[in-house]
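First the structure, in the form of structure tokens, and then the observations on it.
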Amino acid sequence: MHRVRQEDLPHRGSSHWFEGAVHGDTGISSFLFNGQPGSGPGPHRHPYDEIQFIREGRGLYDVNGEVFEAGAGDILVIKAGEVHSYKVIGDANLVQVDVHLSPRFVQENL
């Protein structure tokens with residue numbers, strides 16, 4: 001068993017980073033995203049699948065050129081190699097948990 005508090009995780013930009021290889025040697029990693037309006041990552045891709053669980057707020061997403069709005073309660077499954085990005089829209093923060101099916105983060109920024 002391994003236990004860690006969110007505030008003890010590395011914080012970069014709008015996310016706390018849980019990297020499975022570092023915390024319990026587990027097979028997944030996760031970004032705990034809490035972004036202000038206008039924030040969000042630019043186009044990038046991963047060599048593994050990613051699942052985004054949107055908990056609060058709204059975002060404008062672009063996945064392989066398909067642009068759409070998603071919000072609280074939506075779950076997005078982004079397949080390995082798909083180019084994706086998103087921006088927080090509206091007046092509230094976007095809170096989501098991005099689960100990466102890899103023990104380490106691997107990201108190619110485009």
Side-chain angles (χ1 to χ4, degrees):
M1 207 293 283
H2 179 82
R3 181 178 179 177
V4 62
R5 294 196 48 84
Q6 179 174 318
E7 60 263 20
D8 294 332
L9 294 172
H11 187 266
R12 297 181 185 121
S14 299
S15 299
H16 283 92
W17 291 28
F18 175 91
E19 197 161 31
V22 175
H23 297 285
D25 194 28
T26 190
I28 67 109
S29 297
S30 183
F31 287 121
L32 306 174
F33 182 82
N34 187 342
Q36 297 179 351
S39 67
H44 63 281
R45 63 181 161 208
H46 312 282
Y48 47 76
D49 294 348
E50 174 183 359
I51 301 99
Q52 298 178 336
F53 297 88
I54 305 171
R55 309 305 302 150
E56 299 175 22
R58 295 182 1 232
L60 186 64
Y61 296 78
D62 184 335
V63 179
N64 273 349
E66 179 186 347
V67 178
F68 58 93
E69 186 177 322
D74 286 324
I75 299 170
L76 309 178
V77 178
I78 300 167
K79 301 303 287 180
E82 290 187 322
V83 176
H84 57 286
S85 64
Y86 59 89
K87 293 289 180 214
V88 181
I89 58 175
D91 297 329
N93 280 16
L94 174 66
V95 178
Q96 65 185 37
V97 177
D98 299 353
V99 177
H100 293 235
L101 301 183
S102 171
R104 295 210 178 268
F105 293 115
V106 179
Q107 179 167 307
E108 178 186 4
N109 294 319
L110 303 169

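Values reported hereafter were calculated over all heavy atoms of this structure, with side chains retained and with hydrogens, waters and symmetry mates removed.
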Discussion item. If you count heavy atoms of other groups shown closer than 6.0 angstrom to CG of D91, is the number above 12?
Written reply: no
Discussion item. For S85 versus P41, what's the shortest heavy-atom pair and its separation?
Written reply: CB-O, 3.3 Å
Worksheet item: Going by heavy atoms in the side chains, are P37 and N93 under 4.5 Å from each other?
Response: yes
Fill in: Partners meeting ring pair (Phe, Tyr, Trp, His ring centres under 6.0 Å) with Y86 (sequence neighbours left out)
F33, Y61
Fill in: Side chain D98, main chain F31, donor-acceptor under 3.5 Å
no
Item to complete: Test side chain to side chain contact (heavy atoms under 4.5 Å, CB included) on S30 and V97 and set out the steps.
Response: CA-CA 7 Å; S30 183; V97 177; 3.4 Å; yes
Item to complete: Could you pull out all residues at least two apart from H84 that satisfy ring pair (Phe, Tyr, Trp, His ring centres under 6.0 Å)?
Response: H44, H46
Item to complete: Please test I78 against D49 for side chain to side chain contact (heavy atoms under 4.5 Å, CB included), starting from the C-alpha separation and ending with a verdict.
Response: CA-CA 6 Å; I78 300 167; D49 294 348; over 6 Å; no
Item to complete: Among Ile, Leu, Val, Met, Phe, Trp and Tyr joined by side-chain contacts under 4.5 Å, find the other residues sharing a cluster with V83 and list them by chain and number.
Response: L110
Acceptor/donor pairs from residues 16-27 side chains to any protein atom, 3.5 angstrom cut, sequence neighbours excluded:
{"residue": "H16", "atom": "ND1", "partner": "Q6", "partner atom": "NE2", "Å": "3.4"}
{"residue": "E19", "atom": "OE2", "partner": "F105", "partner atom": "N", "Å": "2.9"}
{"residue": "H23", "atom": "ND1", "partner": "H2", "partner atom": "NE2", "Å": "3.2"}

Let me have the donor-acceptor pairs involving side chains of residues 66-77, under 3.5 Å, with sequence neighbours excluded, atom names and distances please.
{"residue": "E69", "atom": "OE2", "partner": "R58", "partner atom": "NE", "Å": "2.8"}
{"residue": "D74", "atom": "OD2", "partner": "G71", "partner atom": "N", "Å": "2.8"}

Discussion item. Does any part of the side chain of K79, heavy atoms only, come nearer than 4.5 Å to the side chain of Y48, both counted from C-beta?
Written reply: no
Worksheet, complete the sentence: Those residues at least two apart in sequence (or on a different chain) that pass side chain to side chain donor-acceptor pair (under 3.5 Å) with Q36 are none
